[in-house]
Amino acid sequence: MKAAGRSARTWLRDHLAASDPGLLRLTAGLRTVGAIALTLAVLASAGFGVTRLVAGAMAAMVATFAIRERRRGAQALTLALGLPVALVSVSLGAVLGERVVVGDAFFVVLIFAAVYGRRFGDRGTALGLIGFQVYFLSLFVGASTAQLPGLWAALAVAFACSALVRFAVVPVTPAGLLLRLRTAFRARLARLVSAQLALLDAGPDEADKALEDMREGTARLHETALMIQSRLEEGTPDEPTARLVQRRIADAEIAAERLGLLLLSARSAQRADTLTLHLPGAPAPEVGRLPGPDEATAVLRRDLLALRALVVRTGAGGTGVAQVRNRLLGYRDEENLPVATPAVRDVFRAVGETARAVMGLRVALEGPQDESDDSPATARSREELDAEDAAIDAGEETEAAEPPKGLRRPTTRAAVQVSVGSTLAIAGGELLSAHRWYWAVLTCWIVFINTASTGEILVKGYRRLLGTVFGVVAGILLAALVGRHTWTAFFLVLVLIFAMFYTAPLSYTLMSFFVTAMLGLLYTLLHTYSWEVLVLRVEETALGAACGVVAAALVLPVRTDRRTDELLVTVLERLAEVTEAAVGQLSGGPAGDLLDKARELDQALGDLRAATQPLTHPVTPLRARRTTARYVVALLETCAYHARSLAATAELLPTHPSIAADPRLRGAAGRTVRNIVTIADRVADEDVTVPVETGPSIASLLGGDGTARYGRVTGRVLRHLERLDEAVVGLARPLAVPVKTPDR
């Protein structure tokens with residue numbers, strides 16, 4: 001029974017870790033609900049009425065979700081500064097609430113200041129958010145000057161309860177968060193290996209589903225790796241440790257992705273293109289039984305199961321685990337590979353390399369391991385890892401680019417846009433309702449948060465309206481169910497708030513649904529609920545979204561095409577930097593900070609992926625454009641994978657006995673780097689007519705046998721260079737860049 005209980009707990013922990021990396025969504029939901037519940041308990045015990053209970057609950061929610069700093073000291077300071085901002089904001093809301101023109105003018109000024117404050121980082125963003133939301137709170141509860149003392153007390157209690165829950169009840173330290181993210185990485189890596197197992201056994205009718213699962217697993221593993229990299233500096237004791245963990249995470253990610261690609265190739269009638277792993281919806285290549293003897297397939301299935309077990313067994317040791325590890329690492333030696341076709345033997349090599357990456361990750365995260373049962377292959381892998389660890393040192397500091405100034409600064413432009421949009425929303429909202437006009441302003445404000453182009457604002461407004469419509473229906477049902485049972489309504493409000501924060505990163509539509517359903521209950525508590533009020537909520541939401549889109553389109557507009565082009569140029573520049581630096585190091589040049597360059601590439605690609613959402617959204621009428629955008633992003637992800645792999649291989653040069661620098665690589669790969677720069681120049685300036693070059697393969701450009709004079713350049717390096725060259729040329733067609741074919 002105890003073993004079954006532990007197994008169930010382990011399954012639940014791994015499931016939560018994989019679905020919610022770092023438990024960030026769970027923590028956000030628990031913190032917010034805990035702060036609200038504690039605030040309600042304190043205020044109710046003090047005899048406060050329903051209006052102040054609602055105000056305290058809303059203030060506790062704002063004080064919790066507005067704080068975004070990562071260090072606890074910075075969070076405490078922002079929370080302390082937020083209370084006086086909230087007190088001033090609610091006071092002004094109460095004083096100006098009856099003065100329509102002055103109050104509306106001040107609200108617009110407050111909105112401008114709140115958005116402009118984002119230029120000052122997380123603290124400026126948080127204080128602006130608190131100021132705006134608390135002013136909105138005063139309008140929502142109908143605050144008056146006579147109610148101010150009670151509202152001040154409710155706000156003070158709310159901020160105190162938020163601080164108590166944040167720092168004592170649901171504390172999150174950088175080191176603890178990083179630990180949970182590492183657990184999530186292991187869980188997602190294990191899920192990816194499970195998806196690869198499913199692909200191994202998939203029949204022709206199941207191949208597309210198995211490939212989609214593997215594609216999703218690869219993307220989620222990469223997402224978790226980026227989350228870890230963004231928190232390494234705060235969560236590790238020193239920079240060398242951070243760089244070591246970053247290196248091992250990157251190794252494991254690249255090795256697992258390579259294993260999946262080689263497995264797909266082995267099951268295909270033809271070589272599987274790397275693009276297949278990165279293009280959503282791309283059909284799986286024709287698959288058949290794994291070529292070669294059936295014994296090799298059975299052994300591969302057994303070894304993939306063993307690899308998954310090595311991933312999930314945190315801190316596990318013993319003779320059995322050592323034997324499994326030794327067997328898998330033995331595949332790094334040619335003499336230990338089973339009798340099979342070359343494609344299948346490549347898969348076994350990839351299993352060995354992935355096992356090595358898992359061992360390196362375990363050492364980096366858990367410290368030295370028991371080496372008493374090591375085989376010669378395992379001992380050699382440990383020596384390589386130790387040598388690599390010793391070679392890791394701090395990279396050079398890079399100078400930050402000077403931000404744009406004036407109206408070109410994103411925060412200034414957004415502040416002007418949202419102010420104009422809010423002015424329109426106020427005017428239109430008051431025509432709809434003299435008492436509920438602020439819903440239109442709130443929607444206009446929200447659609448500008450974390451958006452940078454007209455298309456993003458349009459998609460966000462559409463999602464908010466859709467969630468609001470369904471939320472109104474839910475609000476009607478819940479209000480009828482609850483009636484005038486105050487504490488039942490508050491309990492359901494807490495449930496909806498938790499659902500709102502837990503689903504917010506996953507679906508903005510779902511979040512809007514829970515928000516609107518919750519508001520229906522709050523109106524019930526304030527005895528202002530009616531069918532007309534909820535219908536008005538939909539109308540004001542539609543109006544606010546429309547005002548936001550109009551302002552974004554007409555006032556200092558940033559078109560989606562322009563935004564994506566700018567980000568595309570950035571991605572191409574980062575890709576050229578990583579490729580050139582990696583090839584330079586593989587050619588015998590000085591060592592560079594390849595890990596940081598690869599991370600910058602990944603971050604730029606993530607920004608581009610987010611910016612193309614308006615182009616790839618299912619409701620977009622421009623189907624051809626959607627297909628092109630998805631294809632370009634998938635090609636760039638393919639390029640990034642090969643560039644990361646080159647960077648990881650280049651960093652092995654000082655320590656890996658099977659990799660030697662070859663000066664010829666610089667010249668052979670020069671065409672690829674030039675092509676990347678050419679495409680970037682074309683995207684930035686349509687008048688550029690320089691064509692992309694094609695020609696002989698990278699391997700043929702090296703000439704000779706590649707080993708006699710300069711040492712062995714591994715086949716892996718050549719494969720990555722050739723696939724990168726092909727993918728870069730593939731980018732030319734959808735981006736309308738001319739391609740020059742060499743004369744025969």
Side-chain angles (χ1 to χ4, degrees), residues 14 179 181-194 196 221 224-225 228 236 240-260 262 300 302-334 336-337 347-392 595 644-645 648-649 651-652 654-659 716:
D14 290 345
L179 177 62
L181 284 172
R182 285 158 24 187
T183 302
F185 185 84
R186 277 201 180 100
R188 287 192 165 181
L189 179 57
R191 286 195 169 193
L192 178 55
V193 177
S194 297
Q196 292 166 351
L221 184 68
T224 311
I228 290 174
T236 48
T241 303
R243 293 179 61 77
L244 174 61
V245 174
Q246 179 185 354
R247 168 62 186 273
R248 295 302 170 219
I249 290 288
D251 284 348
E253 180 194 356
I254 291 170
E257 190 167 354
R258 182 184 298 119
L259 172 59
L262 291 173
L300 181 57
R302 178 201 66 183
D303 288 338
L304 287 174
L305 287 168
L307 178 62
R308 184 176 63 187
L310 285 181
V311 172
V312 299
R313 289 183 181 179
T314 306
T319 304
V321 173
Q323 289 176 346
V324 170
R325 182 188 62 223
N326 292 341
R327 185 179 76 246
L328 298 185
L329 288 171
Y331 292 139
R332 300 183 68 222
D333 296 330
E334 295 293 318
N336 294 327
L337 295 174
V347 178
F348 278 99
R349 290 189 189 95
V351 169
E353 292 298 331
T354 307
R356 177 191 183 274
V358 170
M359 184 173 71
L361 184 61
R362 189 182 297 278
V363 171
L365 300 182
E366 301 173 11
Q369 309 288 301
D370 181 12
E371 304 177 13
S372 58
D373 295 317
D374 281 0
S375 66
T378 302
R380 187 173 65 255
S381 294
R382 286 194 193 277
E383 290 172 0
E384 293 172 1
L385 291 170
D386 291 341
E388 292 169 18
D389 295 349
I392 294 177
L595 284 178
R644 286 197 305 270
S645 301
T649 306
E651 291 214 335
L652 297 177
T655 58
H656 206 292
S658 65
I659 301 175
R716 179 189 306 173

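Computed from a predicted structure; not experimentally measured.
Residues Tyr331 and Phe348 approach most closely at CB-O, 3.3 Å, considering heavy atoms. Leu328 and Ala355 get closest at one heavy-atom pair: CB-CB, 3.7 Å. Of all the heavy atoms in Glu253 and Ala225, the pair that sits closest is OE1-CB, 3.6 Å. Heavy atoms only, all atoms of each residue included: Ala256 and Leu189 are closest at CB-CD1, 3.6 Å. Nearest heavy atom pair, residue Ala252 against residue Phe185, reads CB-CE2, 3.9 Å. Of all non-hydrogen atoms in Ile254 and Ser645, the two that sit nearest each other are CG2-OG, 3.4 Å.
In terms of modelled atom types and a separation under 3.5 Å, the side chain of Arg362 and the main chain of Leu310 share a donor-acceptor contact.
For Thr378 and Ser381, the side-chain atoms include no donor-acceptor pair closer than 3.5 Å. A side-chain donor from one of Ser194 and Arg308 sits under 3.5 Å from a side-chain acceptor of the other.
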(request) Verify side chain to side chain contact (heavy atoms under 4.5 Å, CB included) between Arg327 and Arg302, making sure each step is shown before the conclusion. (result) CA-CA 11 Å; Arg327 185 179 76 246; Arg302 178 201 66 183; 3.1 Å; yes

(request) Apply side chain to side chain contact (heavy atoms under 4.5 Å, CB included) to the pair Val312 and Arg186, showing each step before the final yes or no. (result) CA-CA 6 Å; Val312 299; Arg186 277 201 180 100; over 6 Å; no

(message) Show, in sequence, the C-alpha distance, side-chain angles and deciding distance for Arg380 and Asp333, and conclude whether the side chain to side chain contact (heavy atoms under 4.5 Å, CB included) test is met.
(response) CA-CA 11 Å; Arg380 187 173 65 255; Asp333 296 330; 2.3 Å; yes

(request) Please lay out, stage by stage, how Arg382 and Met359 fare under the test side chain to side chain contact (heavy atoms under 4.5 Å, CB included). (result) CA-CA 8 Å; Arg382 286 194 193 277; Met359 184 173 71; 3.8 Å; yes

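The CG atom of Leu192 sits 6.0 Å away from the CG atom of Leu221 when rounded to the nearest 0.5 Å. Of the inter-residue distances, the one linking Arg258 atom CZ with Glu353 atom CD reads 7.0 Å to the nearest 0.5 angstrom. Interatomic distance, OG1 of Thr354 versus CD of Glu257, reported as 11.0 Å (0.5 Å rounding).
Considering only heavy atoms from C-beta on, Arg325 comes within 4.5 Å of Asp374 through its side chain. Here the side chains of Leu304 and Leu259 are in contact, with some heavy-atom distance below 4.5 Å. Inter-residue side-chain proximity for Asp251 and Leu361 is flagged as unmet; no heavy-atom pair is nearer than 4.5 Å.
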